[in-house]
K.L.:
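The structure follows.
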Amino acid sequence: MRNAARQAINFVFAHNTSFPKVELRALADRYTAQLQLCCPPSSFSHSYAQIIHAQMIISGFSPRGHFLGRLIDIYCQSNNLSYARHLFDKIPQPDVVATTTMVSAYCSVGKLKEARRIFDETPLCIRDVVCYNAMITGYNHNDDGAATVELFKEMLGNGFRPDHFTFSGVLSGLSLVADYERDCNQLHCAIVKSGMGCFTSVLNALIFLYVKCACSLFVESSSLLDVGRELFDGMREKDELTWTTMIAGYVRNDDLVSAQQVFDLRSEKPVAVWNAMISGYLHHALYPEALGLFRRMINEGIQFDEYTYTNILSLCGDSGLFSQGKEIHACILRKEEKWGLEFSSSVNNALITLYSRCEKIREARHIFEEMPVKVTVSWNAILSGYVNAGHISDAIHFFHKIPEKNLLTWAVMIAAYAQSGLGEESLKLLNQMRLEGFQPCDYTFAAAVTACSNLGALDQGRQLHALVIRLGFEPSLSTTNALITMYGRCGIVEAAHLIFKTLPSVDSISWNAMIAAFGQHGHGCQALQLFEQMLEVGIKPDRITFLNILTACSHAGLVDEGSRYFNLMHSYGVSPQDDHYARLVDLFCRAGKFSDARQLIEKMPFEPDAPMWEALLSGCRLHGKLDIGIEAAERLLHLVPQHDGTYILLSNMYAAAGKWDDVTRVRKLMRDMGVKKEPACSWIDVENKVHIFFVDDTSHPEVQAVYAYLEKLGPRLRELGYAPDTMYVLHDVESEQKEYSLSTHSEKLAVAYGLLRLPIGATVRVFKNLRICGDCHNAIKYISKLVQRQIVVRDGKRFHHFKNGECSCGDFWVDHLEAMTSFSVAIIIIRRITKTSLVEFSSSWSVGTQDIQVELRPVQLAYPNESGQVKLQTNGITWNQFSIQAHQPGWKLGAEGVPV
DNA sequence: GTAGGGTTAG
């Protein structure tokens with residue numbers, strides 16, 4: 001029937017057919033009575049109105065005046081805007097009621113431009129205050145507070161007198177524009193003067209404005225809340241909205257105590273007031289309190305509405321009460337069946353989230369598919385479900401199907417890419433998002449900056465940092481912490497430190513990020529100092545803090561400190577986990593303390609896992625400990641047979657010992673197992689383009705120029721003392737061939753390309769997927785001296801800052817083949833003693849009596865012990881005996897040169 | 001013919 005009516009109307013509209021006229025008066029009475037039946041609006045009344053309209057046309061009755069207005073109204077309410085507009089356009093001079101109906105209808109479906117066009121075409125003499133109010137409401141619905149304020153000013157300029165609808169509308173609009181603090185006061189005064197302050201609705205809107213401004217203004221939030229509360233206390237007539245607004249205001253400003261106090265003031269509370277209080281507890285993860293209120297609602301016989309159900313489903317999803325969540329779902333289905341109603345999409349969205357949180361993505365998808373109206377939140381909930389479940393490809397596929405993406409859709413996908421290690425995709429999507437006119441939010445920035453950290457994309461990271469500043473919004477702590485990590489991981493630890501130092505407030509994540517940055521760059525002592533400061537200001541270290549501290553010690557070779565902090569963990573309520581043990585084992589092994597490592601593994605409360613054996617194996621490789629190394633490798637091969645690194649380490653260890661048969665055996669095993677070595681590659685960013693180089697590269701278009709340049713450098717490097725160390729080519733080939741092989745390593749090619757193509761003086765920043773080769777490390781040290789350029793290499797494990805022939809890692813993290821043995825005597829030059837008795841030793845110094853060259857780490861810091869003695873370490877070896885034979889004039893010695 | 005702050009997606 002409905003379709004037939006629509007066809008009839010379409011036919012008449014299309015052909016403009018006229019029909020014989022009948023007696024007008026009788027028809028008018030009949031249609032008036034019939035249209036009366038269309039109130040109140042429902043799906044029935046909408047289709048009935050269509051039938052009446054069709055009959056009017058067929059009978060030749062041409063609706064005018066209130067018939068037209070009524071029909072337009074009904075068509076607008078049933079979202080048949082094209083019919084409504086057709087009728088509206090037939091009116092030669094539409095009255096204000098029809099105009100307001102059309103304006104309001106267009107506004108409610110978000111067609112603001114169309115609404116404004118009709119509004120503007122209406123002469124001033126026709127317009128009235130209701131018409132203005134409708135347009136103002138439209139702007140508010142569209143979150144355009146500035147347009148609301150503008151129209152309000154225009155309205156006053158045109159001499160219209162605002163009513164209480166206008167004031168509450170303008171106050172709502174103002175609440176959308178955070179910077180309007182001064183205007184708030186002005187409007188407050190205007191409301192008092194105009195006498196509109198007697199309307200509860202106006203005062204509700206005013207309270208809302210104050211609490212909303214309190215949310216966005218960090219500094220004066222409490223005083224603005226106090227103004228809101230004064231208004232609240234002074235109101236003689238409070239309605240449901242007054243209570244809800246005040247409680248929600250406190251909740252949004254983190255003041256749950258005041259919220260609860262207002263909540264308790266009222267004995268009989270409407271359901272919305274309960275919901276507001278419960279949502280406060282939920283947003284602060286106070287689940288027992290929220291649950292307590294749900295129980296009280298049941299005891300007091302308060303009927304749950306859809307907001308209550310959404311809240312309780314959210315509680316179940318967030319706190320892991322999945323079976324209870326399912327019971328609520330059953331309860332909702334029963335209620336819908338019993339009352340023949342259908343809950344709105346928000347309840348279904350909460351259900352989707354519940355099921356995806358408990359990893360039931362199929363159930364979540366089923367609910368989604370059955371939803372009659374899918375809003376963007378529904379799509380986003382499923383998208384997040386896929387992201388949380390870890391299969392990224394489903395998320396990508398689903399993302400492209402989402403018809404109307406909002407800020408959050410983009411944010412979720414950008415973060416998903418970043419978390420899955422697909423940094424480039426993440427940044428591409430950020431660009432696309434901006435091209436489509438979306439301004440990235442803080443969450444998106446944090447994710448994109450994280451993507452830059454993982455990629456080592458310093459330029460893009462800097463651009464994002466600049467964009468945050470240019471857009472003028474205060475970056476949140478999560479973005480700032482991401483920036484600290486980004487600068488740290490992109491090699492500019494100073495920039496990370498600058499951000500950290502200038503932050504007005506920091507959290508434990510900021511401290512952890514900064515400690516990690518110092519650690520990765522080998523600034524072990526600074527990392528430890530920062531840790532001590534962290535304790536002084538009362539921030540509790542967590543498991544990540546200790547993980548970073550152990551890494552920092554490991555990168556700087558601080559064995560004793562590492563052990564001390566490891567033993568300190570319990571006193572901060574953190575129990576060491578497998579990864580903490582692995583870091584300490586790594587530290588011990590690097591230092592050649594295999595018995596300590598073994599003891600630690602033996603007393604560990606759980607079975608050693610892969611990272612532990614890997615640490616042991618790497619240490620053995622470093623120090624040529626073949627027997628323990630083989631055992632570790634066997635364990636590792638058993639646990640993760642597909643990991644290429646184990647085969648390579650084992651094979652290299654055999655090669656270093658000249659056991660070529662065993663090398664062949666390991667390589668065959670690797671082939672038999674179908675394991676392929678990850679090809680080494682290095683890359684460098686030049687003029688916003690990433691240039692990748694592989695070993696013995698022939699693919700890069702400019703690689704011949706790179707080889708020529710390296711060849712030219714060769715003799716000059718040798719003059720400085722560089723000698724190719726063929727130990728690093730672990731193939732059983734002739735030495736000349738070995739030397740050639742070394743010169744084609746990817747990191748050398750990338751460094752040379754940077755020197756050729758970057759502006760003079762610019763720091764060369766190279767990234768490598770695997771650990772840097774020892775010979776390349778040595779060569780780059782000499783290159784930095786020869787060309788007087790800073791070169792930074794981030795390898796698979798850490799940063800190496802090369803400057804004037806030295807590296808920040810102190811060669812401690814280079815794959816040494818020869819284990820150092822003990823020394824009896826050495827000469828140390830003391831550079832300076834700081835006020836805090838921190839002794840700084842110069843680099844590249846000390847000559848043993850046995851005429852063996854030894855290197856200290858470039859700058860080694862040490863605290864003298866109680867007796868004023870200082871303990872020094874070289875590459876992994878603690879010096880137990882040495883004597884100070886000389887020192888610079890004017891420098892004092894902490895312990896008069898007494899050996900430790 | 002004009003309105004409304006308690007819900008859901010990171």
K.L.:
Give a yes or no on whether a salt bridge exists between A:Glu114 and A:Arg85, defined as a side-chain N under 4.0 angstrom from a carboxylate O.
P.N.:
yes

K.L.:
Strictly below 4.0 Å, N to O, side chains only: are A:Glu154 and A:Arg116 in salt-bridge contact?
P.N.:
yes

K.L.:
In this structure, how many angstroms lie between the P atom of B:dG1 and the CE atom of A:Met135, rounded?
P.N.:
19 Å

K.L.:
Classify A:Thr245 by what it touches in the nucleic acid, base, sugar-phosphate, or nothing, heavy-atom distance under 4.0 Å.
P.N.:
base

K.L.:
State which of B:dA9, B:dT7, B:dA3 makes the closest approach to the side chain of A:Ser168.
P.N.:
B:dA3

K.L.:
Of the candidate nucleotides B:dA9, B:dT2, B:dG6, which contains the atom at the shortest distance from the side chain of A:Thr244?
P.N.:
B:dG6

K.L.:
Rounded to the nearest angstrom, tell me the gap between atom CZ in A:Arg266 and atom C1' in B:dG6.
P.N.:
13 Å

K.L.:
Assign A:Val271 to base, sugar-phosphate, or nothing according to its heavy-atom contacts below 4.0 angstrom with the strands shown.
P.N.:
base

K.L.:
Check every atom of B:dA3, B:dG4, B:dG6 against the side chain of A:Phe165 and return the nucleotide holding the closest atom.
P.N.:
B:dA3

K.L.:
Check the phosphate of B:dG4 against A:His141, side-chain N and O only, distance under 4.0 Å to OP1 or OP2. Yes or no?
P.N.:
yes

K.L.:
Quick check for you: among B:dG6, B:dG1, B:dT8, whose closest atom lies nearest to any side-chain atom of A:Val96?
P.N.:
B:dG1

K.L.:
Using a heavy-atom cut-off of 4.0 Å across all strands, would you classify A:Asp239 as base, sugar-phosphate, or nothing?
P.N.:
base

K.L.:
Just checking A:Asp128: base, sugar-phosphate only, or nothing, at a heavy-atom cut-off of under 4.0 Å?
P.N.:
base

K.L.:
Looking at B:dG10, B:dG4, B:dT7, which one has an atom nearest to any side-chain atom of A:Leu241?
P.N.:
B:dG4

K.L.:
Count the heavy atoms of every other residue, nucleotide or ligand shown that sit under 6.0 Å from CD of A:Gln93, and state whether that count exceeds 12.
P.N.:
no

K.L.:
Side chain of A:Ser314: nearest nucleotide among B:dT7, B:dT2, B:dT8?
P.N.:
B:dT8

K.L.:
Look at the side chain of A:Ser279 and decide which nucleotide, out of B:dT8, B:dG4, B:dT7, has an atom nearest to it.
P.N.:
B:dT7

K.L.:
Counting any heavy atom closer than 4.0 Å, what does A:Asp95 reach on the DNA or RNA strands: base, sugar-phosphate only, or nothing?
P.N.:
nothing

K.L.:
NA contact type, A:Ala205, heavy-atom cut-off 4.0 Å: base, sugar-phosphate, or nothing?
P.N.:
base

K.L.:
Would you say A:Ser201 reaches B:dA3's phosphate, i.e. side-chain N/O to OP1/OP2 under 4.0 Å?
P.N.:
no

K.L.:
Ring of A:Phe322, cation from A:Arg357 - is the NZ or CZ under 6.0 Å from the centre and inside 45° of the axis?
P.N.:
no

K.L.:
Over all strands shown, is A:Ser172 touching base, sugar-phosphate only, or nothing at heavy-atom distances under 4.0 angstrom?
P.N.:
base

K.L.:
Regarding B:dT7, can its base be found pairing with the side chain of A:Ser346 as donor and acceptor, where the two atoms are less than 3.5 Å apart?
P.N.:
yes

K.L.:
A:Val412 near the nucleic acid: base, sugar-phosphate alone, or nothing, with a heavy-atom cut-off under 4.0 Å?
P.N.:
sugar-phosphate

K.L.:
Would one find a side-chain N or O of A:Arg357 under 4.0 angstrom from OP1 or OP2 of B:dG10?
P.N.:
yes

K.L.:
Tell me what A:Val103 touches on the nucleic acid: a base, only sugar-phosphate, or nothing, going by heavy atoms under 4.0 Å.
P.N.:
nothing

K.L.:
What contact category does A:Ala415 fall into here, base, sugar-phosphate, or nothing, at under 4.0 angstrom with non-hydrogen atoms?
P.N.:
nothing

K.L.:
Please tell me which of the listed nucleotides, B:dG6, B:dG10, B:dG1, lies nearest to the side chain of A:Thr100?
P.N.:
B:dG1

K.L.:
Out of A:Thr166, A:Ile207, A:Leu203, A:Val202, which one pairs with A:Leu171 under the side chain to side chain contact (heavy atoms under 4.5 Å, CB included) rule?
P.N.:
A:Val202

K.L.:
What's the closest nucleotide to the A:Cys131 side chain, out of B:dG1, B:dT7, B:dG5?
P.N.:
B:dG1

K.L.:
Heavy atoms under 4.0 Å, any strand shown: does A:Asn140 hit a base, just sugar-phosphate, or nothing?
P.N.:
nothing

K.L.:
Just compare B:dG1, B:dT7, B:dG10 and give me whichever is closest to any side-chain atom of A:Ser384.
P.N.:
B:dG10

K.L.:
Look at atom CD of A:Glu369 and say whether more than 12 heavy atoms of other residues, nucleotides or ligands are closer to it than 6.0 Å.
P.N.:
yes

